[in-house]
Student: 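I'd like to ask some things about the structure below.
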Amino acid sequence: MPNPAQVFSLTDCNSFYASCERVFRPDLAKTPIVVLSNNDGCVIARSYDAKPFVKMGAPYFQIKDIVRQRGIQVFSSNYALYGDMSERVMTIVESMTDSCETYSIDEIFSDLSGMPGDLDALGRRIRATVLRCTGIPVGVGIATTKTLAKLANHTAKRLQTQTGGVVNICDDFKRDWVLRNTDVSEVWGIGRRLKAHLTELRINSAMDLARADPQMLRNKFSVVVEKTARELRGTACLELEEAAPAKHEICCSRAFGKRLTDLQPIKEAVATYMMRASEKLRAQRSLCRKIRVSIRTGMFNPNEAKFANGALIELPYPTDDVRILTKTALGAVEQVFRPGFNYSKAEVLLLNLCRRGEFTEDLFATSQPESTDRIMGVMDQINGRWGRGTLRSASVPAAPEWAMRREFLSQSYTTRLDQLWQVS
DNA sequence: TCTGGGGTCCTAGGACCC
DNA sequence: TCTGGGGTCCTAGGACCC
């Protein structure tokens, strides 16, 4: 049987962050691993053998006992490591397929349309090559739409031993088996709320959703759900997006390593977050016209007074100048800060982004001076070469008191010369 | 004591215009 | 005195993803 006209694959790394840690710690091959979010807050990745003991998203302080009892190895997030390992995996998949879309740090879609030969065999080759070259195990799902490829991938993970980590459901019979045997909540795009609503309509399996009336789905929910159902039937509604489009908003938001009560350290944090946000802005060659700065107290502890406040500020002209952005943001912090609260988090949002040269110049509008472009360019170059924060605004401290908690951080094995893997 | 961070898309409703 | 209706733009909020 010839391959269908349109075919997608989804390659997805298994327990990605946990797998990255394990690559450099072969002594932990048989030890369950969990990786925590920033500030060692909650669980965001679990190795296969840790899943039975620890729930995804569980706060670390609640699982300490289990961790000790089961001998689970805990890691703080090490995004320098995960980002670099991700690039290696993506490069390999890109070299083996014609066109690709990197969907997230651990997932990549490929367009296999028109590829000759046995697609299952190609899937197995991808899996074997990535494992051999990076040490990261992946699953591969193959199908005629992106939503079905996601589902195939999910099945490959769920039935790891039977499938060898590769599932191809281009065949109608296999596709229908998977649809019938998958809960609708496992479908890409169906979250908790929709699941509850669909249950009321007696739509329980992926097959039920595929067979539901598209018009009804559009009326009751939205075009998004309608498209999902059509994709499950095999009608492609989503295309491969090879070039990542420029972001419409850029955000840098982080909880502090400890509660802050004074204005000064909060201003330091906001200046730091703005530095990071403006780096992202310049990296995609955009300018920003509005910013929003917000701060808040903890929201979980019932004994803590709750407060949240933010300010939206329009800039005099579209800019990517970290000096103007920081000055504006610090003014905003003063505006929103109220004494007497324990603040836990600040957020900087860059809004109304436009590509360089795209905005309409009105006669009286000032635009960013050329000297700024040169200064920002040199600063980004220096920081790119010598590390983030080498050159920074005076309002950004090197070792702040409010720094992120990262008690279980591994080395940056692949991106720092002074932290290379050592074999003795 | 301790509960992540960064995005997307869609829809509804208000403001405003003619 | 008459108090419509269609269109656009913007914003806030909801839902989802990893």
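Letters A, B, ... are given to chains in the order of the sequence lines, protein chains preceding strands, and every chain is numbered from 1.
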Student: Between F75(A) and Y17(A), is the gap from one ring center to the other below 6.0 Å?
Tutor: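 No, the ring centres sit 6.0 Å or more apart.
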Student: I'd like to know if the side chain of T228(A) pairs up with that of E231(A) as donor and acceptor (distance under 3.5 Å, no hydrogens or angles considered).
Tutor: no
Student: What is the distance from CD of E241(A) to P of dG7(B), rounded to the nearest Å?
Tutor: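 Spelled out: CD on E241(A) to P on dG7(B) is 16 Å.
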Student: Where the side chain of W188(A) is concerned, which of dC16(C), dC18(C), dG5(B) is the nearest nucleotide?
Tutor: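 Of the options given, the side chain of W188(A) lies nearest dC18(C).
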Student: Assign I250(A) to base, sugar-phosphate, or nothing according to its heavy-atom contacts below 4.0 angstrom with the strands shown.
Tutor: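 Since only primed, P, OP1 and OP2 atoms lie under 4.0 Å of I250(A), the category is sugar-phosphate.
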Student: Name every residue in residues 56-75 of chain A that has at least one heavy atom under 4.0 Å from any atom of DNA chain B, in order of residue number, or write none if there are no such residues.
Tutor: P59(A), F61(A)
Student: Reckon V225(A) touches a base, only the sugar-phosphate, or nothing at all at heavy-atom distances under 4.0 Å?
Tutor: nothing
Student: Determine which bases of DNA chain C form Watson-Crick or G-U wobble pairs with both distances under 3.5 Å, and write the result as a 5' to 3' dot-bracket string with | for other-strand partners.
Tutor: ....||||||||||||||
Student: Would you kindly give the OH-to-P distance between Y273(A) and dG4(B), to the nearest whole Å?
Tutor: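 These atoms are roughly 13 Å apart.
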Student: How about I313(A) and Q335(A): do any of their side-chain heavy atoms sit closer than 4.5 Å?
Tutor: yes
Student: Is the terminal nitrogen or CZ of K146(A) (NZ for Lys, CZ for Arg) located under 6.0 angstrom from the six-membered ring centre of F109(A) and within 45° of that ring's axis?
Tutor: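 Yes, K146(A) sits over the ring of F109(A).
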Student: Do I105(A) and F16(A) pass the side chain to side chain contact (heavy atoms under 4.5 Å, CB included) test, and can you show the C-alpha distance, the side-chain angles, and the key distance before you say yes or no?
Tutor: CA-CA 9 Å; I105(A) 194 165; F16(A) 182 54; 4.0 Å; yes
Student: Which listed nucleotide (dC16(C), dG7(B), dC17(C)) is nearest to the side chain of R193(A)?
Tutor: dC16(C)
Student: Any heavy-atom pair between the side chains of E268(A) and Y273(A) that's under 4.5 Å?
Tutor: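 Sidechains of E268(A) and Y273(A): no contact.
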Student: Given salt bridge (Lys or Arg N to Asp or Glu O under 4.0 Å), test E304(A) with R259(A) step by step and report yes or no.
Tutor: CA-CA 11 Å; E304(A) 235 176 329; R259(A) 294 285 193 265; 2.6 Å; yes
Student: Check side chain to side chain donor-acceptor pair (under 3.5 Å) between S47(A) and all other residues, then give those that pass, not counting sequence neighbours.
Tutor: D49(A)
Student: For S393(A) and S395(A), does a side-chain donor sit closer than 3.5 Å to a side-chain acceptor?
Tutor: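 Checked: S393(A)/S395(A) side chains pair up, N/O donor to acceptor below 3.5 Å.
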Student: Give the rounded distance in Å between these two atoms: CZ of R405(A) and P of dG5(B).
Tutor: 11 Å
Student: Is there a side-chain contact between K345(A) and the phosphate of dG5(B), meaning an N or O under 4.0 Å from OP1 or OP2?
Tutor: yes
Student: Under 4.0 Å between a side-chain N/O of R276(A) and OP1 or OP2 of dG5(B), yes or no?
Tutor: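 For dG5(B), OP1/OP2 do not have a side-chain N/O of R276(A) under 4.0 Å.
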Student: Mind checking whether F307(A) and F341(A) have parallel, tilted or perpendicular rings, split at 30° and 60°?
Tutor: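 Parallel, since the angle between the ring planes stays under 30°.
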Student: Between dG6(B) and S253(A), is there an OP1 or OP2 to side-chain N/O distance shorter than 4.0 Å?
Tutor: yes
Student: Atom CD1 of I44(A) to atom C1' of dC17(C): distance rounded to whole Å?
Tutor: 15 Å
Student: Could you tell me how far apart N38(A) (CG) and dG6(B) (C1') are, to the nearest whole angstrom?
Tutor: 11 Å
Student: Taking only the C1' atom of each, what is the distance from dG4(B) to dC17(C) in whole angstrom?
Tutor: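 That atom pair is separated by 14 Å.
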Student: Is the closest basic N to carboxylate O distance between E314(A) and R289(A) below 4.0 Å?
Tutor: no
Student: Which residues, if any, of residues 297-305 of chain A bring a heavy atom under 4.0 Å of DNA chain B?
Tutor: F300(A), N301(A)
Student: Check DNA chain C against residues 99-111 of chain A and give the residues with a non-hydrogen atom under 4.0 Å, in numerical order.
Tutor: Y103(A), S104(A), D106(A), E107(A)
Student: With a 4.5 Å cut-off on side-chain heavy atoms, are E242(A) and C100(A) touching?
Tutor: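 When only atoms from C-beta onward are counted, E242(A) and C100(A) do not touch, as no gap falls below 4.5 Å.
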Student: Would you check if there is a donor-acceptor pair between the side chains of Y82(A) and E21(A) at a distance under 3.5 Å?
Tutor: yes
Student: Taking only nitrogen or oxygen atoms into account, show me every contact under 3.5 Å that the protein makes with nucleotides 8-12 of chain B, one pair per line with its distance.
Tutor:
{"residue": "dT8(B)", "atom": "OP1", "partner": "H248(A)", "partner atom": "N", "Å": "3.3"}

Student: What I want to check is whether the side chains of T319(A) and Q368(A) have a donor and an acceptor closer together than 3.5 Å.
Tutor: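 Checked: T319(A)/Q368(A) side chains pair up, N/O donor to acceptor below 3.5 Å.
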Student: Can you find a heavy atom in the side chain of E101(A) that is under 4.5 Å from one in the side chain of F8(A)?
Tutor: no
Student: With R282(A), which of D321(A), D373(A), D380(A) fulfils salt bridge (charged side-chain N to carboxylate O under 4.0 Å, His left out)?
Tutor: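 By the salt bridge (charged side-chain N to carboxylate O under 4.0 Å, His left out) criterion, R282(A) pairs with just one of D321(A), D373(A), D380(A): D380(A).
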Student: Measure NZ/K146(A) against P/dC18(C) and give the value in whole Å, please.
Tutor: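 Answer to the nearest Å: 12 Å.
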Student: Just how far, in rounded Å, is P of dT3(B) from CZ of F256(A)?
Tutor: 13 Å
Student: Would you say the side chain of I72(A) lies within less than 4.5 Å of the side chain of T31(A), judging by non-hydrogen atoms?
Tutor: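 A side-chain contact is absent here, since even the closest heavy-atom pair is not under 4.5 Å.
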Student: Which whole-number value in Å describes the distance from N39(A) CG to dG5(B) C1'?
Tutor: 11 Å
Student: Tell me whether the OP1 or OP2 atom of dG7(B) has a side-chain N or O from K280(A) closer than 4.0 Å.
Tutor: yes
